[in-house]
Structure formats: C-alpha cells, structure tokens
Amino acid sequence: MDKRFFSMFNLTEEQAITVLDTPQDQISEDDSRYIAASHLINYPTAAAIDALIRAVQNTSPELDNRIVRRKSIETLGRLQATKALPVIRGCLADDDCYTVENAVWSIGEIGTTDQEILAEITQLLQKPQQSYRVIIHTLVKLDYRPAATEIQKFTTSEDGPIASAAIAAVGRFNQDYSQIERVLSFLQHPQVLARRLCIQDLIDAKYYSAIPHIAYCPVSIVFRLRGVRMLADAGLADGQLSFANVQPSLEQVLRDHPQDLKLVHSYGQLPTLETLIQDLYDVDFGRCYLAIRLILEHYATAAPAALFATYEAEGRSDYGAHFHIVKLFGWLQHAPAYDLIVEALNNTQPQFQKSRAAAAIALGELGDSRAIPLLQASLKEKLWDLKYAALMALAKLGDNSAKIAPDEPDWLVQSKAASIKNN
Amino acid sequence: MKSVLTTVIASADAAGRFPSSSDLESVQGSIQRAAARLEAAEKLAANIDNVAKEAYDACIKKYPYLNNAGEANSTDVFKAKCARDIKHYLRLVQYCLVVGGTGPLDEWGIAGQREVYRALSLPTAPYVEALSFARNRGCAPRDMSAQALTEYNALLDYAINSLS
C-alpha cells in the first residue's frame with residue numbers, strides 16, 4: 001500500500017484519539033475529527049481501533065459527524081480490524097450511500113467468508129442509489145460467486161463504469177472473457193474517469209491480455225503503470241506471464257511519449273502555443289498529452305522559453321504540469337533544462353513522486369553524460385518506477401555498468417537489470 | 001449535463017408522459033433560485049483564485065507540519081498537493097451554480113473519484129478541510145447576498161459530503 005501521505009498531520013495517537021472522542025459541538029477551530037479519523041491509520045493498536053469503533057457508533061446525523069463516521073469505517077478497513085466487523089456490518093443498512101460504500105469496501109479489506117455478510121452485501125445490488133462498482137469489486141475480491149447472477153444484471157447498465165465493473169466481474173467468476181471488449185472500449189471513453197476506472201476492472205478481471213491496451217490509454221501514467229504492474233504481478237504469480245511478456249508495454253508506459261498513446265481528444269484547428277501550455281494544467285491527462293504532441297509537432301522552437309516561463313509562474317507548484325514540463329524538456333532535448341530536470345529527479349515531496357521517473361527518462365533523452373552518476377544513485381532509491389526508468393535512461397546514455405542493489409526486492413527492476421547485463 | 005430541468009424531462013420522456021405538476025414545481029423552484037445561483041457563480045468566478053488560495057492557506061496553517069523538510073509544502077513556493085484540486089472542485093461548484101444542479105460535480109468530480117482516491121491511498125482530508133474552510137468563511141452580505149450564499153454553501157456541503 002502506498003503510504004506516502006499517511007503521516008501528513010503529525011498527531012500522536014493519543015492526540016488523535018482525544019480529538020476523535022471530542023463531541024462535534026465542542027471541537028476547537030484548530031482541530032478536526034475527520035483528520036483524527038484519517039490519521040489513526042498510523043496506529044494499528046487496540047486503543048486506536050476502539051476509538052474508531054466509538055466514532056462509527058456515533059450516529060449523530062449532521063454532516064460534520066457523518067463524514068467522520070465514514071472516514072472511521074474506512075480507516076478500520078485499512079487497519080484490517082477484524083474486531084470492527086460487526087459494527088461495520090451494521091452500517092450496511094445505513095441510509096447514507098457513502099457510509100454503505102465505505103462499509104462494503106472496509107469489509108473487503110478486512111476480509112470475510114461469512115456467507116450471511118456476503119449475501120447482505122449482494123442484496124445491496126437491489127437497493128437504489130448505491131455505489132454499485134464498489135459492491136461488485138468487493139464481491140469479486142471476496143470471491144463470492146453466488147453474487148454472479150445479481151452482478152450479471154448490471155452488465156447492461158446505462159452507466160458505463162458500472163457496466164464495466166459488472167462485465168469484468170462476471171468474466172472473472174466464469175472465466176469467460178467474451179464480453180471483455182466492452183470493458184476495453186472504455187479505455188477510449190471521452191470521460192477521463194471512465195478511462196481510469198475501467199483499468200481497475202481489467203485488473204480485477206485478471207485479464208492479462210489487456211496490458212498492451214492499457215499502455216495506450218490516455219490517462220495519467222499513474223493509472224497505466226498501476227494497471228500494467230498489478231496485472232504483471234498477478235500474471236507472474238499465476239504462472240501466465242513472464243517479464244518478456246510485460247516488458248514492451250511496461251517500457252512504453254514508463255517512456256510515456258504521446259505518440260504511444262491513442263488520444264481521444266482533438267482540436268478543429270491548431271491552438272496557439274499559449275493555449276497548449278495552459279492545457280498542461282488540465283486534470284484530464286488525455287488533453288495534456290494532446291497538447292504535448294502538438295507542441296512537439298508545431299512549436300518545438302518556441303516551446304522551451306514558454307515552458308521555462310510557465311514553470312516559474314505556476315508549473316513548479318502544480319504536480320501535473322510539473323511532470324509534463326519535465327517530460328517535454330526531455331522530448332525537446334533542450335540542454336539548458338538540465339538543472340531543472342535534475343531538481344525534479346531529486347524532488348522527494350510526495351505529490352511530485354511521478355516527476356522523478358519522468359526526470360530520469362528526460363535525462364536519458366537529453367544525452368548529457370553528467371546525468372550518469374545521478375541516475376546510478378537513483379538505483380538506490382525505494383521507488384521501483386524510478387529505478388526502472390533510471391535503468392532505461394542509463395542504457396540510453398550508453399551506460400550498462402550500473403548495478404542495482406544485491407538485495408533489490410522488485411522483480412521487474414531485477415529482470416530489467418538482468419536483461420541489460422545479458423545484452 | 002444533469003440539472004433539475006434535464007432530470008424532469010428525462011424522467012417524463014422515459015415514462016412517455018408530460019411533466020407532472022410536482023415536476024413543474026421543482027423546475028419553478030430551480031428557476032426562482034436562479035438569480036441567487038448566478039450571483040454566487042459570478043462572485044465565485046471573480047474571486048476563485050483568492051478563495052482557493054485562502055482555503056489552501058488555511059489548511060496549511062492548521063497543519064504547519066506540512067512545511068517541514070520533505071513534506072508536502074516544504075518550500076516557500078506553494079508546492080500544492082491540493083491547491084490545484086481545490087480550484088478544480090471550486091470550478092465544478094461554479095458550474096453547478098450555473099447549471100442549477102449537481103451534474104458537473106457528479107459527473108466530473110465525484111463519480112469514481114472516491115474510488116480513485118481510495119485505490120491510490122490519496123488523502124481526502126486536505127480537500128475536506130479546505131472546502132470546509134471555504135464554506136465557513138463565506139459571509140453575507142459581505143461576499144454575496146444571503147440567498148446566494150445559501151446556494152453556494154449547499155454545493156460546498158455536497159462536495160464535502162461526497163469526497164469524505
């Protein structure tokens with residue numbers, strides 16, 4: 001589990017419990033029970049779990065309490081607090097659909113084979129206005145095959161992402177992927193959330209043939225990489241995939257060039273460079289990649305100055321645009337951006353994490369041999385994507401001497417290093 | 001884009017009927033509140049950078065730990081984990097005020113977003129704190145009329161509720 005944001009609020013366990021136990025109307029302006037409920041993820045202790053259970057049992061209906069209750073349910077799930085199962089189960093009958101959603105999800109995290117609980121979760125599929133995707137995912141995760149008939153009904157849902165989850169679930173239960181093309185089609189959906197969510201469904205379906213399709217999906221690298229990675233891990237464990245099966249798609253994703261994506265947006269006429277630079281800030285990365293492609297095709301000469309300007313003005317503080325600016329300087333092979341890219345390579349702030357591997361790729365493109373020792377140093381970092389990207393960049397720079405740690409834990413990084421050595 | 005009007009027409013059409021009197025009442029209610037919504041939309045649009053920045057600052061001030069070395073706000077430049085996303089949510093709130101329904105938030109900000117945050121273990125707390133600050137900070141008549149503020153706050157509550 002990615003824990004980089006867990007310790008954001010620097011509370012002790014005791015402080016967090018005290019805040020969480022404080023009645024909502026007595027909470028000081030400087031405190032937040034919601035934060036406390038989130039923060040207790042750091043303390044898998046009996047005291048923290050009991051406090052979270054008390055918070056779930058506080059059914060006061062006002063919004064400020066409702067959100068604390070939901071968050072407490074979620075944290076209990078993350079802590080896999082089996083003790084909380086009865087109280088979380090009680091939330092399945094709640095009127096608030098998000099509370100129900102969190103309860104279902106948490107039961108999935110905690111895990112259960114209790115047929116009554118699983119049947120109760122299945123029955124939620126008959127209740128209107130529920131978070132059906134989460135219910136379906138949880139039933140698949142807990143491998144509750146008697147739910148297949150109920151789930152089947154959602155395969156024709158007008159809501160695309162719900163249909164996608166249902167088709168994937170039925171495919172997984174029945175090992176019948178005849179309908180999976182419909183899930184794959186969502187990889188090209190105009191709505192970014194539909195594109196992102198169907199990747200989760202393909203992961204859940206363990207549909208390994210989806211890997212190359214996911215690699216072309218115009219969403220953030222985070223979602224593509226997560227999809228390829230999770231399917232690769234599952235496929236390796238099942239004995240159905242090897243590194244050689246995964247490597248081309250994995251490296252296509254890590255390289256992340258817009259020419260390797262099937263974009264879903266287009267412009268009627270070529271926008272100005274200023275407009276395209278602004279598109280780098282879009283939360284739909286599909287639009288960002290279109291902008292990058294057009295910048296490379298039409299504005300390669302004027303782009304560097306505009307990129308430096310936007311970096312200074314806003315880009316350095318926007319973790320989306322930051323990532324794209326770093327990558328663009330690489331594709332443009334713009335040598336004066338070397339220092340900016342190196343700064344990104346070494347930026348340890350959690351929200352800029354994806355810019356680090358991007359910087360490694362960009363340094364490979366720049367072709368400046370000063371980057372070699374820096375990339376070699378990156379091989380000692382914890383992030384697998386950074387290490388893998390550094391190996392790709394080092395190979396691009398002609399350095400095949402880099403050594404990963406002898407106890408490198410990541411099989412993809414190990415395999416990549418071995419493949420370089422064997423060449 | 002879902003709004004009171006499109007919902008009423010879509011459900012009437014699905015049943016092959018004319019809108020009922022209660023349907024028309026809800027449309028009437030939405031139209032009556034339109035002026036207040038548009039006032040709120042206009043004020044928010046004019047101040048969106050300030051509102052987002054204040055909300056973000058409030059969140060950071062409340063949790064100065066984020067300024068520590070290596071943490072999410074550790075340089076003097078705003079290295080915003082959430083500033084851009086707060087602005088994104090405020091923009092969706094503004095669209096909702098214009099549309100007269102929660103469609104933009106539902107379709108672009110909520111549907112699936114909870115799933116994404118959970119799957120990636122991304123923290124919702126900063127958004128919730130920042131949007132709560134924006135809700136508590138709004139003041140009538142200083143910022144907008146009381147009716148406009150009611151419309152604005154209702155949508156902020158909707159966003160807070162659905163993100164948490």
Side-chain angles (χ1 to χ4, degrees), chain A residues 1-11 29-32 34-35 37-39 41 63-64 66-68 70-71 74 77-78 96 98 101-102 105 131 133-134 137 159 161 191-194 196-197 200 203 222-223 226 281 283-284 314 316-322 347-352, chain B residues 14 56 58-59 61-85 87-89 91-92 106-129 132-133 135-136 156-158 160-164:
Chain A
M1 192 189 296
D2 185 344
K3 295 184 175 176
R4 67 197 146 125
F5 293 112
F6 279 6
S7 61
M8 286 180 86
F9 298 109
N10 205 30
L11 293 165
E29 207 173 85
D30 293 331
D31 285 321
S32 159
Y34 185 81
I35 296 280
S38 310
H39 191 70
I41 180 65
L63 176 64
D64 286 337
R66 223 162 51 223
I67 66 176
V68 172
R70 280 187 214 144
K71 184 52 85 175
E74 181 187 323
R78 289 195 190 280
D96 179 79
Y98 296 130
E101 176 187 322
N102 283 14
W105 180 84
S131 302
R133 281 183 56 83
V134 175
H137 287 164
D159 184 308
Q191 288 281 352
V192 65
L193 275 166
R196 291 174 181 170
L197 296 179
Q200 182 64 52
I203 296 168
V222 170
F223 296 98
R226 180 171 179 270
Y281 293 83
V283 290
D284 178 349
E314 289 181 273
R316 64 189 309 157
S317 62
D318 183 296
Y319 58 90
H322 183 271
N347 188 337
T348 55
Q349 290 176 96
Q351 69 272 38
F352 291 92
Chain B
Y56 179 68
C59 188
K61 192 178 161 204
K62 198 163 176 177
Y63 299 99
Y65 163 75
L66 296 179
N67 293 310
N68 290 354
E71 294 303 334
N73 196 52
S74 60
T75 70
D76 52 355
V77 180
F78 269 162
K79 303 270 189 180
K81 160 70 198 88
C82 58
R84 78 196 277 267
D85 297 331
K87 206 166 160 181
H88 174 63
Y89 283 115
R91 187 157 54 86
L92 295 181
D106 289 334
E107 291 169 35
W108 297 336
I110 295 168
Q113 200 62 44
R114 295 166 60 80
E115 184 181 328
V116 168
Y117 286 146
R118 255 200 316 261
L120 301 184
S121 295
L122 296 176
T124 51
Y127 310 131
V128 170
E129 286 302 306
S132 299
F133 175 85
R135 179 194 57 189
N136 296 336
L156 284 174
D157 276 348
Y158 189 83
I160 293 164
N161 185 37
S162 58
L163 276 172
S164 57

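Chain A is the first sequence line, chain B the second, and so forth, proteins listed ahead of strands; every chain is numbered from 1. Since this is a predicted model, take the numbers as computed values, not measurements.
At a threshold of 4.0 Å, the pair B/Arg118-A/Glu101 counts as salt-bridged, since one of the basic side-chain nitrogens sits closer than that to a carboxylate oxygen.
Contacts between A/Asp64 and chain B at a heavy-atom distance below 4.5 Å involve the side chain alone, from C-beta outward. Contacts of B/Ser132 with chain A are absent, with no heavy-atom separation under 4.5 Å from either backbone or side chain.
Scanning for side chain to side chain donor-acceptor pair (under 3.5 Å) contacts around B/Thr124 gives A/Tyr34, A/Lys71, with sequence neighbours left out. Residues forming a side chain to side chain contact (heavy atoms under 4.5 Å, CB included) with A/Glu314 (at least two apart in sequence, or on another chain): A/Gln278, A/Tyr281.
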Discussion item. The test is side chain to side chain contact (heavy atoms under 4.5 Å, CB included); show your working for B/Lys87 and A/Asp318 and say whether it passes.
Written reply: CA-CA 12 Å; B/Lys87 206 166 160 181; A/Asp318 183 296; over 6 Å; no
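Among A/Arg196, A/Arg66, A/Arg226, A/Glu74, the residue with the largest count of heavy-atom pairs under 4.5 Å with chain B is A/Arg226.
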